[in-house]
Q: 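Please read through the structure below; I'll follow up with questions.
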There are 2 protein chains.
Amino acid sequence: MALHVVADFYGVKPDILKRVEDLKPKIDEIINRSGLKSIKDVWHQFEPHGVSCVYLLRESHVSLHTWPEDGYVAIDLYYCGKEQKRVLDAYEMLYELFKPSKVIKNVITRPVPSEDGSPN
Amino acid sequence: MALHVVADFYGVKPDILKRVEDLKPKIDEIINRSGLKSIKDVWHQFEPHGVSCVYLLRESHVSLHTWPEDGYVAIDLYYCGKEQKRVLDAYEMLYELFKPSKVIKNVITRPVPSEDGSPN
């Protein structure tokens, strides 16, 4: 099964959430260290502050959307590969980076059809 | 609240799922017709076939990942704007395009902190 972690982080210090140039090197490093295989990443700077990004992976995607004024980050880690430890490691590194005071986390299992067989 | 539709479409005819050049014009049109505001989109062609894409929106993102050999598409529509009809319209248009024989759909509500007030 593929793993889709949908996580809302609250109580994050705003400074790290404001600008692409501050956040991107840290997220790049987390993606690399986790072993997730990024194909392309796309970032957007909102004004006066706030960032959205998506990493398209060989095995689905990772996205972050930040609301610095509220200390909030919406995170998705959707991973259809076989090395699920990588996505759990990436999640832990994001948690360490953002140090949220509160988390709402949903983990959805989604199919990898060729691996799981027919859904019917 | 923001709306995150997580949908797995099964039983889709494979031809439309194989190549970026076939799928991208159709998804571009759906995004435009729905009124969702795309900032950037990023596409990847897998070989021998299969496609991943993400549209970064002003209001979060839309992603698709296809497995043509299994007639399967994994769809995410995550929308933090006020015009939720747009995301429901986009979903309906995707349904019409792909005509799945089976759907597994989860709708997650996520916060828009400034609008919803403090989560604490």
Side-chain angles (χ1 to χ4, degrees), chain A residues 1-2 4 6-12 37-46 50-76 78-80 100-106 108-120, chain B residues 1-2 4 6-12 37-46 50-76 78-80 100-106 108-120:
Chain A
M1 296 300 286
H4 189 156
V6 178
D8 297 318
F9 281 8
Y10 299 93
V12 180
K37 305 296 182 202
S38 177
I39 297 169
K40 297 173 188 169
D41 57 281
V42 54
W43 287 75
H44 181 69
Q45 179 67 55
F46 289 94
V51 168
S52 282
C53 71
V54 179
Y55 290 75
L56 209 57
L57 306 178
R58 286 211 61 84
E59 318 88 355
S60 304
H61 69 259
V62 170
S63 68
L64 292 91
H65 303 280
T66 78
W67 278 257
E69 66 275 29
D70 301 292
Y72 171 73
V73 195
I75 296 171
D76 283 68
Y78 172 28
Y79 179 76
C80 66
S101 62
K102 175 177 167 176
V103 173
I104 296 176
K105 183 180 171 190
N106 284 287
I108 301 168
T109 54
R110 304 180 78 167
V112 181
S114 304
E115 172 186 292
D116 299 338
S118 166
N120 302 306
Chain B
M1 296 299 285
H4 188 156
V6 179
D8 298 317
F9 281 8
Y10 299 94
V12 180
K37 305 297 181 202
S38 178
I39 297 169
K40 297 174 189 169
D41 58 282
V42 53
W43 288 75
H44 181 69
Q45 178 67 57
F46 290 94
V51 168
S52 281
C53 71
V54 179
Y55 289 74
L56 209 59
L57 306 178
R58 286 211 61 85
E59 319 88 356
S60 304
H61 69 260
V62 170
S63 68
L64 292 91
H65 302 281
T66 78
W67 279 258
E69 67 275 27
D70 301 291
Y72 171 73
V73 195
I75 297 171
D76 282 68
Y78 172 27
Y79 180 76
C80 66
S101 63
K102 175 177 169 177
V103 173
I104 296 177
K105 183 180 169 189
N106 285 287
I108 301 169
T109 54
R110 304 179 77 167
V112 180
S114 303
E115 171 186 295
D116 299 339
S118 165
N120 302 307

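Predicted, not measured: the structure shown is a model, and the values here were computed from it. Per chain, numbering begins at 1; letters A, B, ... match sequence-line order.
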Q: Please name the pair of heavy atoms, one in B:A7 and one in A:R110, separated by the smallest distance, quoted to 0.1 Å.
A: O-NH2, 3.1 Å

Q: Below 4.5 Å, heavy atoms only, C-beta onward: do A:P111 and B:W67 meet side chain to side chain?
A: no

Q: Can you name the residues that form a side-chain hydrogen bond (donor to acceptor under 3.5 Å, both in side chains) with B:Y79, not counting sequence neighbours?
A: none

Q: For the interface with chain B, which of A:D41, A:V42, A:I104 has the highest count of heavy-atom pairs at distances below 4.5 Å?
A: A:V42

Q: For the interface with chain A, which of B:D8, B:V54, B:N106 has the highest count of heavy-atom pairs at distances below 4.5 Å?
A: B:D8

Q: Measure the CD1-CD1 distance between B:I108 and A:I108 for me, rounded to the nearest 0.5 Å.
A: 3.5 Å

Q: Ignoring hydrogens and angles, write down the donor-acceptor pairs under 3.5 Å from the side chains of residues 56-65 of chain B, residues two or more places apart or on other chains.
A:
from, atom 1, to, atom 2, distance (Å)
B:H61, ND1, A:H65, NE2, 2.8
B:H65, ND1, B:S52, OG, 2.7
B:H65, NE2, A:H61, ND1, 2.8

